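Have a look at the structure below, then the notes.
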Amino acid sequence: MTGLRYVYAVCRPFVTPLQAELTGVAGAPAGLLHHHGLVAVVSTVPEADFGEEALKAHLEDLDWLAATARAHQGVVDALTTVTTPLPLRLATVFRDDSAVRVMIEAREDHFRALLDRLDGRVEWGVKVYAEEAAAEPAGGAAPAAPEKPASGRDYLRQRRARGQAKEETWQRAERFAHALHERLSARAEDFRLHPPQNSALSRESGLNVLNAAYLVPRAHSEEFVELVDHTKDEEPGFRVELTGPWAAYSFTGDTGDTGGTAEGAGVADAGEEVP
């Protein structure tokens, strides 16, 4: 069985060793490929699973995809504790080490510029959800069960009242999310506003009204986390979730557009890029 080179991230050389027994995708240990003063974090994966046609089929298997994503994320998380990595997209694979070196040379200036910008910085994710409690009456009392309409006019009146309450809840949510974002972005060096998550897909309760990423110096992360924590009970009916610290996924531009990806599964040879 032949193997391919799976690339997790690119970073600068680092001294602190990765955690012992760190395994990545397909249970393979992660290794370091040094080239031109940069490091590609790699492992060997079976071509039977990561060749072009096999990979396209696997990307339709949600269980396989989730397991691969967890293993990929585990390696990047371990890297984040010892250095500043530039994560590549899931399932970025090359034929061999020579192809990985060619990729590094082709994007060397881009990698170095990003590493200079992101050095010593991490990404924090903040989401705000408007929960059902946001529509409850002031004072926390449970909403009364809607009365059965006695006529068509009563039915229309109830519909208008529900629509007005929903609109007021949405306006409150927008004001809260905007005010929180203003406070957090003032403490961050950069930010990205992502589209709100679909609750049916994310399986999170409530309506997602803020889905943002903030680039924060690692040295200032404690203050940033405290600021988020202080907002969690400021306004009833809203849930604030903080995740991180992560590698700066949202601030690496098109770093992952090299090699085989989940968007365009394939295997790159030396001197070749797969779109």
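Treat the numbers as computed from the prediction; the structure is a model and nothing was measured. We number each residue from 1, following the sequence as shown.
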How long is the gap from CG on Asp63 to OG1 on Thr68, to the nearest 0.5 Å? 10.5 Å
Hey, could you give me the NE2/CD distance between His220 and Glu226, rounded to the nearest 0.5 Å? 12.5 Å
What I'd like to find out is whether the side chain of Arg12 reaches to under 4.5 Å of the side chain of Arg112, using heavy atoms alone. yes
Indicate yes or no: at least one non-hydrogen side-chain atom of Trp64 is less than 4.5 angstrom from one of Leu59. yes
Taking the side chain as everything from C-beta on, heavy atoms only, tell me whether Asp77 gets closer than 4.5 Å to Trp246. yes
Shortest non-hydrogen pair, Ser250 vs His194, comes out as OG-NE2, 3.0 Å
Heavy atoms, side chains only, cut-off 4.5 Å: are Ser221 and Val122 in contact? yes
Side-chain donor/acceptor of Asn208 to backbone N/O of Leu210, under 3.5 Å: yes
Arg5 versus Thr44: any side-chain heavy-atom pair under 4.5 Å? yes
I'd like to check Leu193 versus His181 (side-chain heavy atoms, cut-off strictly below 4.5 Å). Are they in contact? yes
Heavy atoms from other residues, nucleotides or ligands near NE2 of His178 exceed 12 (cutoff 6.0 Å): no
Worked check of side-chain contact (heavy atoms from CB on, under 4.5 Å) between Val25 and Phe50: CA-CA 11 Å; Val25 172; Phe50 287 86; 3.3 Å; yes
In Å and rounded to the nearest 0.5 Å, what is the OH to CG distance from Tyr129 to Asn211? 7.0 Å
Could you measure the distance from the OH atom of Tyr214 to the CG atom of Leu184? Nearest 0.5 Å is fine. 4.5 Å
Residues, nucleotides or ligands: over 12 heavy atoms within 6.0 Å of Asp116 CG: yes
Looking only at heavy atoms, what is the nearest atom pair of Thr231 and Leu227, with distance? CG2-O, 3.2 Å
Cation over ring face, Arg187 and Phe224, 6.0 Å, 45°: no
Separation between CG (Leu215) and CH2 (Trp124), nearest 0.5 Å, reads 12.5 Å
Straight-line distance of Glu123 CD to Thr80 OG1, nearest 0.5 Å: 10.0 Å
